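Not measured: the values here are computed from a predicted model.
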Amino acid sequence: MQAAPVRATAIPSFTDALRAVESVLLSGGQRTARRNAWTSVLEDRRRAKDRVEVQRVLDQTFTVSS
């Protein structure tokens with residue numbers, strides 16, 4: 001008995017599927033605007049996380065030295 005052949009094609013990820021639907025539904029400009037907006041959201045989240053970390057370090061520094 002032979003083993004079943006292995007599929008060579010990769011199953012698309014959920015993100016790939018969403019991008020495919022997006023490319024069908026939205027024009028190029030809207031797609032670019034949406035990606036730019038999402039990039040801005042991610043950058044804002046990163047900066048907020050950095051601010052929280054810096055505030056925590058400052059609080060610890062001034063608490064210890066007082």
Side-chain angles (χ1 to χ4, degrees):
M1 209 158 95
Q2 290 182 327
V6 177
R7 284 177 41 159
T9 57
I11 298 172
S13 69
F14 183 71
T15 303
D16 292 337
L18 282 178
R19 285 199 174 134
V21 170
E22 179 186 54
S23 67
V24 171
L25 297 178
L26 300 176
S27 69
Q30 288 174 324
R31 189 168 48 248
T32 299
R34 181 171 295 206
R35 286 190 186 143
N36 288 344
W38 183 244
T39 300
S40 294
V41 167
L42 295 177
E43 186 62 22
D44 288 346
R45 288 178 181 176
R46 186 194 62 78
R47 282 194 300 266
K49 182 179 169 188
D50 290 347
R51 278 193 305 272
V52 168
E53 180 64 18
V54 167
Q55 186 63 49
R56 186 185 65 77
V57 170
L58 289 174
D59 289 346
Q60 285 180 346
T61 301
F62 290 115
T63 302
V64 171
S65 64
S66 296

_Could you measure the distance from the CG atom of Leu18 to the CZ atom of Phe14? Nearest 0.5 Å is fine._
4.0 Å

*Are any non-hydrogen side-chain atoms of Val41 and Arg45 less than 4.5 angstrom apart?*
yes

*asked:* Please report the interatomic distance OG1(Thr15) to CZ(Arg19), rounded to the nearest 0.5 Å.
replied: 6.5 Å

_Side chain to side chain, Arg56 and Val52, heavy atoms closer than 4.5 Å_ = no

*Using only heavy-atom distances, determine whether the side chains of Arg34 and Gln30 contain a donor-acceptor pair under 3.5 Å.*
no

*Could you walk me through whether Asp44 and Arg47 pass the salt bridge (charged side-chain N to carboxylate O under 4.0 Å, His left out) test, one step at a time?*
CA-CA 5 Å; Asp44 288 346; Arg47 282 194 300 266; 2.4 Å; yes

